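What follows is a set of notes on a single structure, which appears directly below.
Remember, it's a predicted structure, so these values are computed and weren't measured experimentally.
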Amino acid sequence: MTKAVFFDELGGPEVLRLREVAPGEPGKGEARVRVDAIGLNRAEANFRSGTYVYQPNLPGSGIGYEAAGVVEAVGEGVDGFAPGDAVSAVPTFLMTEYGTYGESAVLPAHALVHRPAGVDAVTGAATWMAYTTAYGLLVEFGGTRPGDTVLVNAASSSVGLAAIQVANHLGAIPIATTRTGAKRRRLLDAGAAHVIAVQEQDLLKEIDAATGGRGVDLAVDAVMGPAVDTLVQAVAPDGTLLFYGWLDPTPAPMPIAPDFRGRTIRTYAFTELTVDSEPRLRRAKHFINAGLRSGSLSPVIDRTFDLADVVAAHRHLESNTQFGKIVLTVEH
């Protein structure tokens, strides 16, 4: 028997339950992975509470997009993976079909990547959601070039910190925002060229000072809400504003004033890279693995919890006090 996390109803962290189940056998195109670490994401909290972009199958829904471990068995037609291979899971599936919260997980082989030598399980589990999202935002859709300025809103999240690292890897200039100055030093240490505490400083004045009055070439935002009207004014006339989340559920205004013409404004979902486009995903895998090998990309770990403490881990996830990635670890 093995243990895995399920939930039978929508709600807060307390609906998550650890249960004993029979280990699944991989079918065609699948592999079973002994899970050593699991990365937590805001998407999973939303999925659990019923506010995600799709709904769970209840009762008995599994959960989880990310994990790292070792292949235990492979199903028919699986090439490139064998028992004993160290791997990470990339979120190329729906949580209504597969989940990673458990001591083992049966996953589609297309969701697995070989873990580079020297990359431990915690790092491997903390990488692929944040960095595929950041890569998609900055490279595939943001078109970031060396010397460009990139505004990263809510920068202390795992995606925000990944975006700072990707910007530096590309030779761009990352400008981080945070609510107060409490995280300023940590964001500068994480690679931000400038940090703006939006509750204490005037965002537009600080952007003008940092960019010589031009505005940023790219802004990436996971918050939305009424602040969109200010955020779009920080973008250069030929720049881009990409939304990839909705932490503020308040309706956001659509900027339509003539002064905003020429800017590209659109939403972005990580599935546009991980599910909808094999060429984009292939490029992302090479980019991210190269960064992991060189050390220019390295997930910031906020805190680890034991799998049995998944409820406490989700409470911490929803506290908005974390700096970087929360990871569950699994003892075997």
Side-chain angles (χ1 to χ4, degrees), residues 130-155 157 159-178 187 190-198 201-248 251-273 276-277 279-281 283-284 287-288 291 296-297:
Y131 285 91
T132 54
T133 302
Y135 170 85
L137 287 166
L138 271 70
V139 179
E140 294 286 347
F141 293 93
T144 303
R145 300 156 298 185
D148 283 355
T149 49
V150 178
L151 176 63
V152 182
N153 210 18
S157 69
V159 174
L161 293 167
I164 289 171
Q165 292 182 10
V166 170
N168 281 320
H169 184 75
L170 295 169
I173 303 165
I175 302 172
T177 74
T178 183
L187 286 167
H194 306 277
V195 176
I196 303 171
V198 294
Q201 298 173 279
D202 186 305
L203 175 68
L204 297 181
K205 286 183 179 178
E206 296 298 323
I207 291 296
D208 279 350
T211 65
R214 167 177 159 72
V216 297
D217 298 289
L218 172 67
V220 297
D221 177 46
V223 181
M224 296 188 75
V228 165
D229 195 49
T230 301
L231 191 61
V232 72
Q233 296 177 61
V235 179
D238 56 351
T240 299
L241 172 58
L242 295 177
F243 301 107
Y244 68 95
W246 56 93
L247 293 177
D248 186 341
M254 173 56 70
I256 56 174
D259 287 347
F260 300 152
R261 291 174 185 169
R263 294 166 173 83
T264 299
I265 303 172
R266 62 158 289 177
T267 58
Y268 166 78
F270 74 93
T271 53
E272 293 182 72
L273 187 145
D276 298 342
S277 173
R280 288 176 188 151
L281 180 58
R283 292 192 291 265
F287 181 93
I288 294 165
S296 63
L297 303 181

Quiz item: Would Gln201 and Thr177 count as a side-chain contact (heavy atoms from CB on, under 4.5 Å) if you check the C-alpha gap in whole Å, the side-chain angles of each, and the deciding distance to 0.1 Å?
Solution: CA-CA 10 Å; Gln201 298 173 279; Thr177 74; over 6 Å; no
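- For the pair Asn168 and Ser296, the minimum side-chain heavy-atom distance is 4.5 Å or more.
- Taking 4.5 Å as the limit, some side-chain heavy atom of Val228 sits within range of a side-chain heavy atom of Phe243.
- At least one side-chain heavy atom of Glu140 sits less than 4.5 Å from a side-chain heavy atom of Arg283.
- Between Ala190 and Leu161 the shortest heavy-atom distance is CB-CD2, 3.8 Å.
- For the atom pair OG1 of Thr149 and NE2 of His194, the computed distance is 9.0 Å after rounding to the nearest 0.5 Å.
- Residues Leu151 and Leu231 are in side-chain contact: their nearest non-hydrogen atoms beyond the backbone lie under 4.5 Å apart.
- Using cut-offs of 30° and 60° on the angle between ring planes, the pair His169 and Phe287 is perpendicular.
- Closest approach of Ile173 and Ala193 over heavy atoms only: CG2-CB, 3.7 Å.
- The nearest pair of heavy atoms linking Val223 to Ala154 is CG2-CB, 4.0 Å.
- Counting all heavy atoms, side chain and backbone alike, Ala192 lies closest to Ala176 at CB-CB, 3.8 Å.
- Put simply, CG on Leu137 and CD on Glu272 are 9.5 Å apart, with the number rounded to the nearest 0.5 Å.
- When all heavy atoms of Tyr244 and Gly160 are compared, the closest pair comes out as OH-N, 4.2 Å.
- Of all the heavy atoms in Gly143 and Asp148, the pair that sits closest is O-OD2, 4.0 Å.
- Atom-to-atom distance recorded for Ile265:CD1 and Leu241:CG is 5.5 Å, nearest 0.5 angstrom.
- The distance from the CG atom of Asn153 to the CD1 atom of Ile196 is 9.5 Å, given to the nearest 0.5 Å.
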Quiz prompt | Step-by-step side-chain contact (heavy atoms from CB on, under 4.5 Å) determination, Thr240 to Arg263 | solution = CA-CA 6 Å; Thr240 299; Arg263 294 166 173 83; over 6 Å; no
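- Taking 4.5 Å as the limit, some side-chain heavy atom of Leu273 sits within range of a side-chain heavy atom of Tyr268.
- At least one side-chain heavy atom of Phe141 sits under 4.5 Å from a side-chain heavy atom of Arg280.
- Inter-residue side-chain proximity for Ile164 and Leu187 is flagged as met; some heavy-atom pair is nearer than 4.5 Å.
- Between atom CD of residue Glu206 and atom OG1 of residue Thr211 there is a gap of 11.0 Å, rounded to the nearest 0.5 Å.
- Between Leu218 and Leu242 there is a side-chain heavy-atom pair separated by less than 4.5 Å.
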